[in-house]
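To start, the structure itself, in C-alpha cells.
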Number of protein chains: 2
Amino acid sequence: MKDLTARQKEILGFIHEYIQTNNYPPTVRETARAFSISVKGAYDHLKALEKKGCIKTSEKRSRSIELVAPPEDDTPVVQIPLLGEIAAGKPIFADENFERTILVPADIVANRVPHFALHVKGDSMIDAGILSGDIAIIERSETAKNGDIVVALLEENVTLKRFYIENNRFRLQAENPRYAPIYTQDLRILGRLRGIYRSY
Amino acid sequence: MKDLTARQKEILGFIHEYIQTNNYPPTVRETARAFSISVKGAYDHLKALEKKGCIKTSEKRSRSIELVAPPEDDTPVVQIPLLGEIAAGKPIFADENFERTILVPADIVANRVPHFALHVKGDSMIDAGILSGDIAIIERSETAKNGDIVVALLEENVTLKRFYIENNRFRLQAENPRYAPIYTQDLRILGRLRGIYRSY
DNA sequence: CTGTATACTATACATGAGCATAGGAGCCCA
DNA sequence: TGGGCTCCTATGCTCATGTATAGTATACAG
C-alpha cells in the first residue's frame with residue numbers, strides 16, 4: 001500500500017473524492033479527463049494501483065473500481081454516560097445523575113474498563129488546560145498513581161484534581177495558584193481523567 | 001418512498017444487495033438479467049423508482065444508480081479528516097497532509113459545512129485551555145467574527161489564534177502573555193475553532 | 001369507456017467504456 | 001550502455017450501456 005508515486009497518490013485521491021461525492025466510482029475516461037491525460041495514461045495508473053493493492057477492479061465491467069482497505073477503517077466509538085449535577089450525599093452513579101450518553105472514539109476507552117463523563121465546573125484546573133464547561137472523560141478506577149488527574153469523592157463532594165500520595169495522607173492539588181492543596185486521609189477515588197472534550 | 005409495488009420493492013432490494021456485495025451499483029442490463037426480463041422492462045422500473053424518489057441516476061452514465069435515503073443514516077457521529085504536519089508552502093488540504101479520520105459527535109458539525117481537525121502545536125493558546133498535542137476541530141470557513149479562535153494562513157504558516165479586526169488591519173492574538181500579537185493586512189482564514197479534544 | 005399506471009417483449013442506435021498496440025521521453029540501477 | 005520503471009500521446013477495436021420507439025397485456029379509477 002505504500003510505495004506509491006506522487007502521481008499515483010493523486011489518482012488514488014481523485015478516486016476517493018469521486019466516490020465520496022458520487023457514491024459510485026469513476027470510469028477510466030473520467031479519470032483521464034480529470035487529469036487531462038490520455039485514456040491509456042489513466043488506465044496504466046489504475047492497473048499500477050491495482051498491482052500495488054490499493055484498488056480492485058472487475059474485468060470488462062464499467063465503473064468497477066473498488067477501494068481496497070479504504071482509509072476509513074472503522075474506528076469504533078463507544079457510548080458512555082454523561083453524568084450531570086452531582087448532588088451531595090447521593091451515590092454518584094445513581095440513575096438520577098444520568099444526563100445523556102456521549103460518543104467517544106474507542107481508542108480512548110482502550111481497556112475494557114467502564115468510563116463515564118462529567119461536566120467540569122469551576123476554574124481549579126485551568127492551568128492544566130481544563131476549563132469550566134469542558135466535558136471530562138473518566139476511566140472508572142478506585143486507584144490512581146501519583147500525579148494522575150482524578151475524580152475524587154471528598155466529604156460528599158465530587159472534585160477533579162491532581163492526585164498525590166504523601167507520607168500518611170493524600171494531597172489533592174488544583175492546577176490554579178488561587179486554590180490551596182487539599183490534604184486528607186479519607187477520600188475515595190472514582191476515576192482517572194482520560195480525555196477532555198470541549199465545544200465552542 | 002412508499003407506494004412501491006411488489007415488483008418495485010424486489011428491484012430495489014436487488015439494487016441494495018448488489019451494492020452491498022460489489023460496492024458499486026448494477027447496470028440496467030444486469031438488473032434485467034437478474035430478473036430475466038428485457039432491458040426496457042428493467043429500465044422502466046428504474047425510472048419508476050427514480051420518480052418515486054427511491055433512487056437517483058445521472059443521465060447517460062453507466063452504473064450511476066444511487067440509493068436515496070439509504071436505510072439508516074442516523075449516525076450521531078461524523079468522520080472528519082485529521083490533517084497532520086502542515087508543511088510550509090503546501091496547500092493545507094492536499095492529500096499529503098491527510099493523517100487519518102477521527103470521529104466527532106455530529107452535534108459539533110451542526111451545519112453541513114465541512115470540518116477538519118489539526119494537531120495543536122506550541123503553547124500560544126494555553127490561557128484558552130488549548131495545550132500542545134490537543135486536537136482542534138475546525139469548521140472550514142473563510143471568514144470569522146471578532147474574537148473567534150481561527151486557523152489562519154499567514155505567510156505560508158498555519159497558526160491557531162484569536163482573531164480581531166482593527167481599523168485597517170487584522171490582529172492575531174495568542175492566549176499567552178509571552179506571545180506578542182501579530183498584526184497583518186494579508187491573511188487567509190482557513191477555519192473557525194469548534195471543538196477541542198484531548199487524550200491523556 | 002377512456003385515461004393512466006404497471007409490467008413487460010423485441011429491436012435499435014449512438015455513445016460509453018475497457019482494453020490493446022505502438023511509441024516516446026525521462027529516470028534510476030547495475 | 002542497456003534494461004526496467006513511470007508517465008505520457010494517439011489511435012483503434014469491440015463490447016457494454018443508457019436510452020428510445022413501438023407494441024402487448026392487465027388492472028384500476030372516474
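Source: prediction; values computed, not measured. Residue numbering restarts at 1 for every chain, and letters A, B, ... go by the order of the sequence lines.
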Ring centroid separation A/Tyr197 to B/Tyr197 under 6.0 Å: yes
Whole-Å distance separating the NZ atom of A/Lys51 from the C1' atom of D/dG4: 11 Å
D/dC5 OP1/OP2 closer than 4.0 Å to side-chain N/O of A/Lys47: no
To the nearest angstrom, the OH-P distance between B/Tyr24 and C/dA17 comes to 15 Å
Categorize A/Ser36 for me: base, sugar-phosphate, or nothing, with a 4.0 angstrom heavy-atom threshold over every strand shown. sugar-phosphate
Is there a side-chain polar atom (N or O) of B/Ser64 under 4.0 Å from OP1 or OP2 of D/dG18? no
Consider the side chain of B/Tyr43, meaning its heavy atoms from C-beta on, and name the nucleotide among C/dA7, D/dG18, C/dC19 that approaches it most closely. D/dG18
What is the distance, to the nearest angstrom, from the CD1 atom on A/Ile37 to the C1' atom on C/dA25? 16 Å
By nearest atom, which of the nucleotides C/dA17, D/dT6, C/dC19 is closest to the A/Thr27 side chain? C/dA17
B/Lys40 NZ to C/dT9 C1', straight-line distance once rounded to whole Å: 11 Å
Of the nucleotides D/dT17, D/dC8, D/dT6, which has the atom closest to the A/His45 side chain? D/dC8
On the nucleotide C/dT6, are OP1 or OP2 found under 4.0 Å from the side-chain N or O atoms that B/Arg7 carries? no
Rounded to the nearest angstrom, tell me the gap between atom CG in A/Asp44 and atom C1' in C/dT21. 12 Å
Does a salt bridge link B/Glu10 with B/Arg7, judged by any charged N lying under 4.0 Å from a carboxylate O? yes
Between CG of B/Leu46 and C1' of C/dT6 the distance, given in whole Å, is 14 Å
Using the closest heavy atom to pick a nucleotide of DNA chain C for each, name whichever of B/Ala48 or B/Arg61 lands nearer the 5' end. B/Ala48
Taking only side-chain N and O atoms of B/Ser62, does any of them lie within less than 4.0 angstrom of OP1 or OP2 on C/dA17? yes
Aromatic contact between A/Phe170 and A/Tyr164, with the criterion being ring centroids under 6.0 Å apart: yes or no? no
With nearest nucleotide decided by heavy atoms, which residue, B/Glu30 or A/Ser38, maps closer to the 5′ end of DNA chain D? A/Ser38
Going by heavy atoms in the side chains, are B/Thr57 and B/Leu46 under 4.5 Å from each other? no
Phosphate oxygens OP1/OP2 of D/dG18: is one of them under 4.0 Å from a side-chain N or O of B/Thr57? no
From NZ of B/Lys56 across to P of D/dG18 the rounded distance in Å is 16 Å
Donor-acceptor side-chain pairing of A/Thr159 and A/Lys161 below 3.5 angstrom: yes
In whole angstroms, the gap separating C1' of C/dT9 from CZ of B/Arg29 amounts to 14 Å
